[in-house]
Protein chains: 2
Amino acid sequence: MPRSTRRRPELSHPAPEEIDLYDVLHALSDPTRMTIVRILRSEPERACGTFPVDVAPSTLSHHFKVLRESGVITQREEANRRFSALRVVDLERRFPGLLDTVLAALARNDGAAQGA
Amino acid sequence: MPRSTRRRPELSHPAPEEIDLYDVLHALSDPTRMTIVRILRSEPERACGTFPVDVAPSTLSHHFKVLRESGVITQREEANRRFSALRVVDLERRFPGLLDTVLAALARNDGAAQGA
DNA sequence: ACGCACTTTCGACGGATGTCGAACATCGCA
DNA sequence: TGCGATGTTCGACATCCGTCGAAAGTGCGT
């Protein structure tokens, strides 16, 4: 059978207005996911496998799904790589200042240790 | 045996510097607890039983414990009532702007519905 | 002294969560 | 065409979470 141009299922992202605060807070309440968000803050986008988190690939995939479905990140496919990016604009519109405040809080939480 | 002035176990509160961001975010990721926080924002303190949340007393007690142990609220005993108050000063010192930003986000999350 | 009102603690239960390994799918390259 | 790299899905598992009811503790008022 002919392979279509879009054979993989569409990645589900919530609409900007549908982003739920509780989902976002829950997504950010996990250290692994927070690490992903922090790194993504200083880069436009990044491939999944290139994050310095110490979990199994399947676990990482799960975390990306949580972040995506909560509206924190977008994911785009290119070849067999999946690039993730923070939804800074949408988040800022929906919950002004939230992302920056939380990331600033993260810096204080980790203190002088493990900066950047 | 003589009843001491402090016969009930001390309520455990984390020190201001020990308040953990992940604990706070987790505490705030529950609607019932967020409701408590929102109400407490506009009042200096309030007795446990007077919150308009629709859960069993034991469940409510559990939520207060989570909020207290994460450092979001303080609890003070007076007779057989327990009064709760937001740790606004400590939270502001530890994570500047976090509380206000999250509560502002909550207002947007709930939209025009169920204000204040 | 008795009982009522306010809360907590305990035990239980169903559901969600984070984690992993194994298997599968897709793409690029030799 | 076949292999390796990248990621996902599935099933399993232990743990945690929110919820409740029953029981117990404490203080106030009658």
Side-chain angles (χ1 to χ4, degrees), chain A residues 1-13 20 22-37 45-70 72-85, chain B residues 1-13 20 22-37 45-70 72-85:
Chain A
M1 47 183 71
R3 293 179 251 155
S4 74
T5 332
R6 193 189 293 107
R7 70 197 64 74
R8 287 194 290 225
E10 286 290 339
L11 265 31
S12 63
H13 297 86
D20 183 73
Y22 298 112
D23 291 343
V24 172
L25 293 179
H26 168 249
L28 297 180
S29 69
D30 179 273
T32 300
R33 289 193 290 261
M34 184 70 96
T35 298
I36 293 172
V37 170
E45 67 178 2
R46 187 158 179 161
C48 289
T50 67
F51 288 85
V53 292
D54 198 28
V55 290
S58 54
T59 303
L60 190 55
S61 189
H62 161 70
H63 285 311
F64 278 114
K65 186 179 180 184
V66 172
L67 285 169
R68 177 166 44 84
E69 295 186 341
S70 67
V72 176
I73 68 170
T74 327
Q75 286 189 302
R76 164 181 85 81
E77 295 192 320
E78 184 177 302
N80 49 2
R81 297 233 188 131
R82 191 170 284 192
F83 288 88
S84 301
Chain B
M1 47 184 72
R3 292 180 250 155
S4 74
T5 331
R6 193 190 295 107
R7 69 196 67 71
R8 287 194 289 227
E10 287 291 336
L11 265 30
S12 64
H13 297 85
D20 183 74
Y22 297 112
D23 291 343
V24 172
L25 293 179
H26 169 250
L28 297 178
S29 69
D30 179 273
T32 300
R33 289 192 290 261
M34 184 70 96
T35 298
I36 293 172
V37 170
E45 67 177 2
R46 187 157 179 161
C48 289
T50 67
F51 288 85
V53 292
D54 200 28
V55 290
S58 53
T59 303
L60 190 54
S61 190
H62 162 71
H63 285 312
F64 278 114
K65 186 179 180 184
V66 172
L67 286 170
R68 177 166 45 82
E69 295 185 340
S70 67
V72 176
I73 68 171
T74 326
Q75 287 190 302
R76 163 181 85 81
E77 296 192 319
E78 184 178 302
N80 48 1
R81 296 228 190 137
R82 192 171 285 191
F83 288 88
S84 300

Working to the nearest 0.5 Å, report the span between OG1 of A:Thr35 and CG of A:Asp54. 11.0 Å

Name every donor-acceptor pair, under 3.5 Å, that has one atom in a side chain of residues 56-65 of chain A and the other anywhere in the protein, sequence neighbours excluded.
{"residue": "A:His63", "atom": "ND1", "partner": "A:Arg33", "partner atom": "NH1", "Å": "3.2"}

Roughly, in whole Å, what's the span from CD in A:Gln75 to P in D:dT6? 16 Å

In chain order, what residues pass the side chain to side chain donor-acceptor pair (under 3.5 Å) check against B:Glu69, with sequence neighbours excluded? none

How many whole angstroms separate atom OH of B:Tyr22 from atom C1' of D:dC17? 20 Å

A:Ile73 has an atom CD1; how far is it from atom P of D:dG7, in whole Å? 12 Å

Rounded to whole Å, the CG-C1' distance (B:Asp30 to D:dC16) equals 14 Å

Do B:Arg81 and B:Cys48 come close enough that some side-chain heavy atom pair is under 4.5 Å? no

Contact summary for A:Gln75 and A:Ser84, nearest pair of heavy atoms: NE2-OG, 3.1 Å

Contacts to DNA chain D from residues 51-68 of chain A, heavy-atom cutoff under 4.0 Å, which residues? A:Pro57, A:Ser58, A:Ser61

Heavy-atom nearest pair, A:Leu11 first then A:Glu77, reads CD2-CG, 4.2 Å

What's the separation between atom CG in B:Asp30 and atom NE2 in A:His26, rounded to the nearest 0.5 Å? 11.0 Å

So if I take the C1' atoms of five pairs at each end of the helix from C:dA1-D:dT30 to C:dA30-D:dT1 and get each local axis, what angle do the two axes make, rounded to 10 degrees? 10°

With B:Thr50 via side chain to side chain donor-acceptor pair (under 3.5 Å) - residues at least two apart: B:Arg46

Checking contacts here: which listed nucleotide (D:dG7, C:dT7, D:dG27) is nearest the side-chain heavy atoms of A:Arg81? D:dG7

When rounded to the nearest 0.5 Å, the distance separating CG of A:Leu28 from CG of A:Asp23 is 11.0 Å

CE (B:Met34) and CG (A:Leu25) are apart, to the nearest 0.5 Å, by 5.0 Å

Where do N or O atoms of nucleotides 12-15 of chain C meet protein N or O atoms at under 3.5 Å, pair by pair?
none

Could you walk me through whether A:Glu78 and A:Glu45 pass the side-chain contact (heavy atoms from CB on, under 4.5 Å) check? CA-CA 12 Å; A:Glu78 184 177 302; A:Glu45 67 178 2; 5.5 Å; no

By nearest atom, which of the nucleotides C:dG18, D:dT8, C:dT8 is closest to the B:Arg82 side chain? C:dT8

Under the 3.5 Å rule, do the base of C:dC27 and the side chain of A:Asn80 count as making a donor-acceptor pair? yes

Considering only side-chain heavy atoms of B:Cys48, which listed nucleotide, C:dT8, D:dC17, D:dC28, is closest? C:dT8

Can you tell me how far C1' of C:dA16 sits from NE2 of A:His26, to the nearest Å? 8 Å

Measure the distance from CZ on A:Arg76 to P on D:dG7 and round it to the nearest whole Å. 12 Å

B:Leu25 atom CG is separated from C:dT17 atom P, nearest whole Å, by 16 Å

Measure the distance from CD on B:Glu78 to C1' on D:dC28 and round it to the nearest whole Å. 13 Å

Look at the side-chain N and O atoms of B:Arg33 and state whether any lies under 4.0 Å from the OP1 or OP2 oxygen of D:dG18. yes

